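Since the structure comes first, as structure tokens, the remarks are kept for the end.
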Amino acid sequence: MSRRNGLVISIDGTAGTGKSSVGRAAAEKLGYGFLSTGGLYRALAYTVFARKIDAANPDAVLKTAKGLVFTFERQPDATLKMFVDGEYLGDKLQLDEVGQTASKISTYAPARAVLTEKMREAGRDGGIIMEGRDIGTVVFPDAEVKIYLDASAEVRADRRVKQLQAQGVPADYEHILASIKERDLRDSTRAASPLKPAPDAVKIDTSAMTMPQVIDAVIKEIHKHAA
Ligand code: DC
């Protein structure tokens, strides 16, 4: 399939495997856009919370999802900056509670279908790396390059602790590890589009790799396709 602006490249995997850092860096090298699709689930979770909607009510969440207008603005670092109803939500989306609620509401198939359509619109013309859980399996099963990143829960918790400490935020390893395991279990066992590698995805275990090594491995895979 040929798309106007280039390939669609999917990077799926568990939380904390470096999907965003790797995707952004690879997109910058390729001159592609980069979209972290968890942001759409987080934005929905945040809106549900801000409007005091019951997150346990799939119909109310679906109605909210349908009403959201997403727009994206390409930044110099390749990131597609996301605006929700014209507003940039920024760091508010990174709160752990928002991530947990996003994981919960992402079990609702009808709300997923709405957000999936928005992702397809954003990637339709190609020239994009999209990071998420089901990009290679559901959102773009015809993506030209599919990557699946994984790492042990302990390594991911350790990375998260270091990341938070670098930001001056206190972090408790055991709490973070438990939260990662809880989210992994829910994301991979839900009935609607569970987290799993596409049959044609290239799987990379990043546990013992540095970020530059993972970026190199991903770029190599992309070049194999382009060669
Ligand atoms: O990648 P993240 O932590 O920002 O994602 C937040 C939640 O959104 C994650 O726990 C599961 C859900 N999600 C999803 O179901 N499908 C995607 N493509 C991206 C995220």
Side-chain angles (χ1 to χ4, degrees), residues 8-24 27 33-49 55 58 61-62 64-65 68 70 72 79-82 84 88-123 128-143 146-151 153 156-157 159-161 163-164 176-198 201 206:
V8 169
I9 298 163
S10 62
I11 304 186
D12 291 303
T14 46
T17 39
K19 298 188 301 280
S20 284
S21 312
V22 168
R24 195 180 310 113
F34 171 71
L35 180 63
S36 192
T37 61
L40 282 84
Y41 287 94
R42 285 172 182 268
L44 177 57
Y46 179 81
T47 307
V48 160
F49 174 78
V61 173
L62 172 63
T64 312
L68 293 181
F70 290 96
F72 302 96
T79 309
L80 296 184
K81 185 172 176 179
M82 183 180 77
V84 185
Y88 174 60
L89 296 172
D91 287 348
K92 286 185 268 194
L93 298 187
Q94 295 314 315
L95 295 169
D96 192 49
E97 301 92 292
V98 174
Q100 288 290 356
T101 306
S103 170
K104 279 178 199 149
I105 61 175
S106 72
T107 61
Y108 305 155
R112 293 196 68 84
V114 172
L115 297 188
T116 294
E117 263 326 298
K118 314 229 182 228
M119 291 169 204
R120 287 182 182 146
E121 266 168 49
I128 193 163
I129 297 186
M130 265 195 204
E131 168 269 312
R133 303 289 193 289
D134 63 341
I135 309 304
T137 49
V138 175
V139 182
F140 282 104
D142 58 347
K146 299 183 186 180
I147 309 285
Y148 188 89
L149 297 185
D150 210 350
R156 289 183 285 135
R159 285 179 188 160
R160 182 76 184 136
V161 167
Q163 198 180 34
L164 289 170
I176 289 174
L177 180 61
S179 171
I180 283 179
K181 285 185 172 168
E182 185 190 342
R183 200 131 76 89
D184 281 359
L185 184 70
R186 195 183 308 113
D187 291 350
S188 56
T189 55
R190 68 181 178 219
S193 313
L195 170 67
K196 62 166 190 233
T206 72

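Counting starts at 1 for both ligands and their atoms, in listed order. These numbers come from a predicted model, not from an experiment. Side chains are part of it too, since the values below use all heavy atoms of this structure and drop only hydrogens, waters and symmetry mates. Residue numbers run from 1 in the order of the sequence given.
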For ligand 1, the residues whose heavy atoms come within less than 4.0 Å (ordered by chain, then number):
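Lining ligand 1 at under 4.0 Å, by heavy atoms, one finds T37, G38, Y41, R42, A102, S103, S106, R112, E131, G132, R133, D134, I135, R183, D187, R190.
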Heavy atoms, side chains only, cut-off 4.5 Å: are S106 and Y41 in contact?
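Result yes, sub-4.5 Å side-chain heavy-atom pair found.
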message = Contact between I105 and L44 at the side-chain level, heavy atoms closer than 4.5 Å - yes or no?
response = yes
Practice task
Go through E121 and K118 one step at a time and tell me if the salt bridge (charged side-chain N to carboxylate O under 4.0 Å, His left out) criterion holds.
Solution key: CA-CA 5 Å; E121 266 168 49; K118 314 229 182 228; over 6 Å; no
I would like to know whether E131 and S36 meet side chain to side chain contact (heavy atoms under 4.5 Å, CB included); could you show each step before the answer? CA-CA 5 Å; E131 168 269 312; S36 192; 2.3 Å; yes
Contacts of S103 meeting side chain to side chain contact (heavy atoms under 4.5 Å, CB included) (sequence neighbours excluded), chain-then-number -> R183, R186, D187
Original post:
Which word best sums up how the rings of F72 and F70 line up, parallel for under 30°, tilted for 30 to 60°, or perpendicular for over 60°?
Top reply: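 Rings of F72 and F70: parallel, as their planes differ by under 30°.
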